[in-house]
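Have a look at the structure below, then the notes.
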Amino acid sequence: MALAAAASASAHSMTWQSLGAAPAELTLDFTLPTGQSFRWRQTGQAEFTGVVDNRVVKVQQTPSDVRYQVIARGDNAASSEDAAVLRNYFNLQACLEELSQEWSSRDARYKSIHSYFPGARVLRQDPVECLFEFICSSNNHISRIHGMVERLCRDYGTPILHASTSQASTAAAAVGGKDTVAAAEEEQKAVPDLAFYSFPTLEQLSAASEAALRAEGFGYRAKFITGTVQALLAKPGGGKQWLYSLRNVPYKEASEALCELPGIGPKVAACICLFALDKHEAIPVDTHVWQLAVRYYTPQLKGKTMNKKIMVAVEDAFIERFGPWAGWAHNTLFISELATQRERLPEQLRPGGKSKASKSRKAAKGDTEEVSDQSEMMKVEQAAVQKRTLNMDIDTVDDSTESRPIQRARRGAKHKQTKVQGAGNNGNTNGQSDAVVAEEPGVSKKAKSQKPTSKAKSKQTAGKVNSSDAAGAQSDICTRSSSLAVAADAAIDQALQDASIRL
DNA sequence: AAACAACCTGCTTT
DNA sequence: AAAAGCAGGTTGT
């Protein structure tokens, strides 16, 4: 192991390249692990490694920039295109700072929280990859989605960088500073996870059976994946082209087209539209955004049950409030709601529910309940805005502390009856175990039927559109004054170097 | 049209 | 320790 480490370390002594994006434009911590892509692994204190367009890329935050190294390339990945590929992936033609200023002038809540989450960018991902990532996301949490996507790539994708030659693994071994046994164990455990694969093509994915996917822990999403693969392959041009063409049609049209595919409803469609199809106004309304909405933007909808119509109402409210790039504004607001991120907000800006960390901290200090409720918070924010003479209309959110998600009450009620047979999960924790899927974990009633289902049979046009370059459709609102490079000082360099691998 | 039950799983909380 | 709760939802009734 050590030998492999040394060998590859010297083999990969390349240098960092500047991406030319200041933290206000791109902050990796708010962009990569916050649920819009599940293809990145944190491989250091301020460093992530992932695969972009057939390249294994390491990106690292510095105080003034983000820099990158392409540590491996697959077929047809020319190094001359690295920079363009990454600028495209990080959507750097848009100027987030400028947008942020605009949103701040339009909305009190955004204004009060955005400085705690600078550089939360919306990526421009590959549509195929993005689509399957978000089929996996339904009724699921980030860490499991991440594992599922990883297995999908490992099982059906093309390896670009093997574990034995991975720089990341060498770092793991080198940094391990403990006794050699522990280090060896650590490395052994780490190695299988440190290979990098391209995301499988539709053709590669067509090799996956529902049974195999279930055996890998995809649950009921297994048939969504196989169903969508088939549906896409049946499109003229093989599916990939069809999907890319959605970049050139209006949001609504793209969303409706996506919703024809099994496993894709309005929320997942909005994710794909926002994160891969250039629909900057798309608002994925999930449980977090729903709470945001009834708290600040559509209080009149409180108590309603979530459905397509309600989602559209929420979306419209966001678009009216934030404008054509509302999806980007939503992204920052969404992140501020995540349990893993909301602790960054000062107490008085934090929404009602407290996270574990917050709870235990309070418990330790013998603190009592939180002081301000939503209405007070809103008043403070409104006052702040009005003081600045911004005559924007601020929704008055009166009322009280409905801290609990509405759907929770709903679920609590229904679970009384359900549960029962779902409780006994048939053992195969950790996914891999057996190869041949137990013919019927939860296949209670129908299932099995590979039928196209009602959604597949309705319409299916959307094949037209001009084939102009998709990137051209985007506006260049920023003349990017390259606050570039600025060689990070040695101290930071050192610190970053010392960072250990973290999964 | 709207509401709700069912669905896979892993991790946390009671 | 067993059970319920929850996680960036979709589908069928």
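Each chain gets a letter, A, B and so on, in the order the sequences are listed, and its residues count up from 1.
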Contact class for Glu337(A) vs. all strands (heavy atom < 4.0 Å): base, sugar-phosphate, or nothing?
-> nothing
So which nucleotide from dT10(C), dC8(B), dG10(B) ends up closest to the side chain of His141(A)?
-> dG10(B)
What residues form a ring pair (Phe, Tyr, Trp, His ring centres under 6.0 Å) with Phe334(A), not counting sequence neighbours?
-> His288(A)
So the salt bridge (Lys or Arg N to Asp or Glu O under 4.0 Å) pairs with at least one residue in residues 324-337 of chain A (sequence neighbours excluded) are Arg295(A)-Glu337(A)
Base, sugar-phosphate, or nothing: which does Phe38(A) touch, judged by heavy atoms less than 4.0 Å apart?
-> nothing
Return yes if the base of dC8(B) and the side-chain atoms of Arg144(A) contain a donor-acceptor N/O pair under 3.5 Å, otherwise no.
-> yes
Using ring pair (Phe, Tyr, Trp, His ring centres under 6.0 Å) as the criterion, list what pairs up with Phe117(A), not counting sequence neighbours.
-> Phe30(A)
How far, in whole Å, is dC11(B) from dT10(C) if one measures between their C1' atoms?
-> 23 Å
Could one point to a donor on the side chain of Lys267(A) or the base of dG8(C) with an acceptor on the other under 3.5 Å away?
-> yes
Parsed dot-bracket for DNA chain C after applying the Watson-Crick and G-U rules with both distances under 3.5 Å and | for other-strand partners is .||||||.|||||
Not counting sequence neighbours, which residues clear salt bridge (Lys or Arg N to Asp or Glu O under 4.0 Å) with Arg39(A)? List them please.
-> Glu129(A)
Mind checking the P distance from dA1(C) to dT9(B)? Whole angstroms is fine.
-> 24 Å
Within residues 308-318 of chain A or reaching into it, pairs that qualify as side-chain hydrogen bond (donor to acceptor under 3.5 Å, both in side chains) - sequence neighbours excluded | Tyr251(A)-Glu315(A)
In terms of side-chain geometry, is the basic nitrogen of Lys223(A) or Glu210(A) positioned less than 4.0 Å from the acidic oxygen of its partner?
-> no
Could you state the CG-P distance from Asp286(A) to dT10(C), rounded to the nearest angstrom?
-> 10 Å
Side chain of Phe224(A) (C-beta onward), nearest among dG8(C), dG9(C), dT11(C) = dT11(C)
What's the CD1-P distance between Ile145(A) and dG8(C), to the nearest Å?
-> 6 Å
Please report, rounded to the nearest Å, how far the P atom of dT11(C) is from the CG atom of Asn139(A).
-> 13 Å
Report the nucleotide, chosen from dG8(C), dA2(B), dA3(B), that has the shortest atom-to-atom distance to any side-chain atom of Lys309(A).
-> dA2(B)
Send over the distance from Ile142(A) CD1 to dG10(B) P, rounded to a whole Å.
-> 18 Å
Using atom CD1 of Ile135(A) as one end and atom P of dA7(C) as the other, report the distance to the nearest whole Å.
-> 22 Å
Rounded distance in Å between the P positions of dA2(B) and dG8(C) = 28 Å
Check the distance between dC7(B)'s P and Tyr220(A)'s OH and give it to me in whole angstrom.
-> 11 Å
Contact under 4.0 Å: Thr305(A) side-chain N or O vs dA3(B) OP1/OP2 = yes
In plain terms, say whether Lys279(A) and Glu253(A) are close enough for a salt bridge, that is, a side-chain N and a carboxylate O under 4.0 Å apart.
-> no
Rounded to the Å, how far apart are Ile310(A) CD1 and dG9(C) C1'?
-> 16 Å
Distance, P atom - from dG5(C) to dA5(B), rounded to whole angstrom | 13 Å
Verify the contact: side-chain N or O of Arg214(A) to OP1 or OP2 of dC8(B), cut-off strictly under 4.0 Å; return yes or no.
-> yes
If you measure from the Lys or Arg side-chain nitrogens to the Asp or Glu carboxylate oxygens, is any gap between Arg109(A) and Asp107(A) under 4.0 Å?
-> no
Distance, P atom - from dT11(C) to dG10(B), rounded to whole angstrom = 23 Å
Round to the nearest Å and state the distance from Arg221(A) atom CZ to dT10(C) atom P.
-> 11 Å
Under 4.0 Å between any heavy atoms, over every strand shown, what does Thr34(A) touch: base, sugar-phosphate, or nothing? Just pick one.
-> base
